[in-house]
2 protein chains.
Amino acid sequence: MSLDIAQQGLRERKRIATRRAIESAAINLVVEKGLENVTIDEISHRADVSPRTFFNYFASKEAALLGESPELPVDGSVARFVDGELGSSALEGLGELISTASEDSREDAETHTLRFALLRQYPQLFTLRMTAMRDFEEELASVVAERLRHDEPTLDDDARRSKAKLITLVAFGVIRHSWSCWAENESAMTLSERMKESFAQLPGILSAGAA
Amino acid sequence: MSLDIAQQGLRERKRIATRRAIESAAINLVVEKGLENVTIDEISHRADVSPRTFFNYFASKEAALLGESPELPVDGSVARFVDGELGSSALEGLGELISTASEDSREDAETHTLRFALLRQYPQLFTLRMTAMRDFEEELASVVAERLRHDEPTLDDDARRSKAKLITLVAFGVIRHSWSCWAENESAMTLSERMKESFAQLPGILSAGAA
DNA sequence: TACATTCTTGCACTGCCTGCAAAAAAATCG
DNA sequence: CGATTTTTTTGCAGGCAGTGCAAGAATGTA
């Protein structure tokens with residue numbers, strides 16, 4: 001794990017350091033002065049790079065604040081999910097997969113905390129993050145399709161892909177719900193706990209008929 | 001219906017005309033030259049207003065392309081939904097409410113068609129549209145909460161609001177699914193038909209357990 | 001007609017973002 | 001080490017987005 005960063009040459013190490021410096025400068029400045037009052041120039045200056053270099057690393061101020069896009073966990077939980085060992089249904093398993101995955105983080109703990117605070121403070125940032133999740137959605141949808149191949153082998157390809165996508169998008173709806181609840185209540189549960197909660201509520205919203 | 005535009009004075013009529021002219025100029029230019037190759041200057045010029053005036057009407061090029069935000073239908077279907085007459089569950093009813101509402105349109109048919117073509121062509125625009133839907137989501141969530149007050153009178157306020165939000169966000173997940181299917185297949189069904197389809201698939205994704 | 005209100009426009013200004021080419025830094029090789 | 005190649009950083013020039021302000025035009029009102 002800690003060998004990832006290991007000597008791939010000075011160049012690579014410097015690139016990572018610069019990226020981190022920019023992210024950190026951006027996040028701290030926004031915490032200090034507010035999103036609207038921070039310019040690329042300021043961020044670059046604090047990170048000790050030229051404004052032009054900023055754009056060699058990030059496409060925008062927001063991109064620097066959001067950091068890297070999420071990726072599938074690499075600990076084998078994906079394999080267990082595909083094999084049907086995670087959750088009694090694909091949707092439920094997906095919920096477990098995501099809420100567990102949202103716990104790990106390959107970065108500085110303080111940066112991570114501040115980033116979350118910003119997502120809480122600026123809903124626009126959360127929206128952007130969800131937007132940036134499109135690729136992740138595609139990835140997840142194909143994993144879900146694999147799971148469905150296991151759960152329902154009789155389904156034809158098109159139906160399976162469509163169903164996988166529906167499951168994925170519904171799951172993202174649930175994630176948004178978790179987020180919304182989590183962001184409103186000052187410091188109640190962990191986000192990942194809140195996610196488990198929302199996923200648990202899910203079955204109740206389909207069946208509950210008229211009075 | 002056609003009386004909406006009726007004499008509210010020259011000023012108001014001109015405002016509406018200008019707004020329409022800008023929208024139309026924007027849409028047509030983007031259809032002709034592609035989203036990236038159209039500037040505010042061009043749009044303003046074709047709409048016969050100054051670039052400065054453009055910003056008196058829209059905050060950005062994208063806003064002009066997307067047009068007005070969606071609103072709740074005014075034909076009484078909301079009341080029927082709240083009273084539990086629409087759908088056998090809140091989620092199902094919400095599906096009917098939305099898919100029906102997406103049919104009406106208070107605008108020029110050609111503009112409407114082109115706008116949809118653009119949403120199809122540029123997924124970023126659809127994402128933006130979903131982002132702009134936040135307020136609409138809030139509105140819907142409170143309507144859903146009313147419906148829940150009817151369906152499950154025993155629920156306390158917090159639980160009801162949370163559940164209403166979950167239902168709403170899941171519904172938006174389904175809408176995204178409908179959109180995705182609709183945008184991929186060249187000219188299959190109506191969007192609103194496609195929505196009914198996706199909502200119908202929904203019950204199947206919760207129960208389907210392991211093989 | 002005279003007055004008040006609202007809308008349009010030009011102007012100046014800040015900030016975002018990109019392409020390009022020169023300089024700096026790091027990797028590679030003899 | 002020194003020479004060469006590759007990659008990164010930086011400055012510069014420039015286009016486009018978006019905003020505040022104040023003057024002037026258009027509309028509403030009496």
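Proteins get letters first, then strands, A, B, ... in listed order; numbering begins at 1 in each. Predicted model only: the values in this text are computed from it and were never measured.
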Taking N or O atoms only and anything under 3.5 Å, show me the protein contacts with nucleotides 28-30 of chain D, one pair per line.
{"residue": "D/dG28", "atom": "OP1", "partner": "B/L10", "partner atom": "N", "Å": "2.6"}
{"residue": "D/dG28", "atom": "OP1", "partner": "B/R11", "partner atom": "N", "Å": "2.9"}

Within residues 41-55 of chain A, the residues having a heavy atom closer than 4.0 Å to DNA chain C are A/R52, A/F55

Pairwise salt bridge (Lys or Arg N to Asp or Glu O under 4.0 Å) hits with a residue in residues 42-60 of chain B, at least two apart
B/E32-B/R46, B/K33-B/E42

Without decimals, in angstroms, what is the distance between B/K14 NZ and D/dA26 C1'?
7 Å

To the nearest Å, how far apart are A/R15 CZ and D/dT6 P?
18 Å

Salt-bridge contact A/K165-B/E184 (side-chain N to carboxylate O under 4.0 Å)
yes

Figure out the CD1/C1' separation between B/I40 and D/dG15, and round it to whole Å.
13 Å

Strictly by salt bridge (Lys or Arg N to Asp or Glu O under 4.0 Å), give each pair with a member in residues 123-136 of chain A just once, sequence neighbours left out.
none

Of all residues at least two apart in sequence or in a different chain, which pass the ring pair (Phe, Tyr, Trp, His ring centres under 6.0 Å) check with B/F126?
B/W179

Between D/dG18 atom P and B/F58 atom CZ, what is the distance in whole Å?
13 Å

Distance-only side-chain donor-acceptor flag, A/T39 / A/D41, under 3.5 Å
no

Measure the distance from NZ on B/K33 to P on D/dC16 and round it to the nearest whole Å.
10 Å

For DNA chain C, note the earliest and the latest nucleotide, 5' to 3', having some atom under 4.0 Å of a heavy atom belonging to chain B.
C/dT5 to C/dC11

Rounded distance (Å) that lies between atom C1' of D/dG18 and atom OH of B/Y57
18 Å

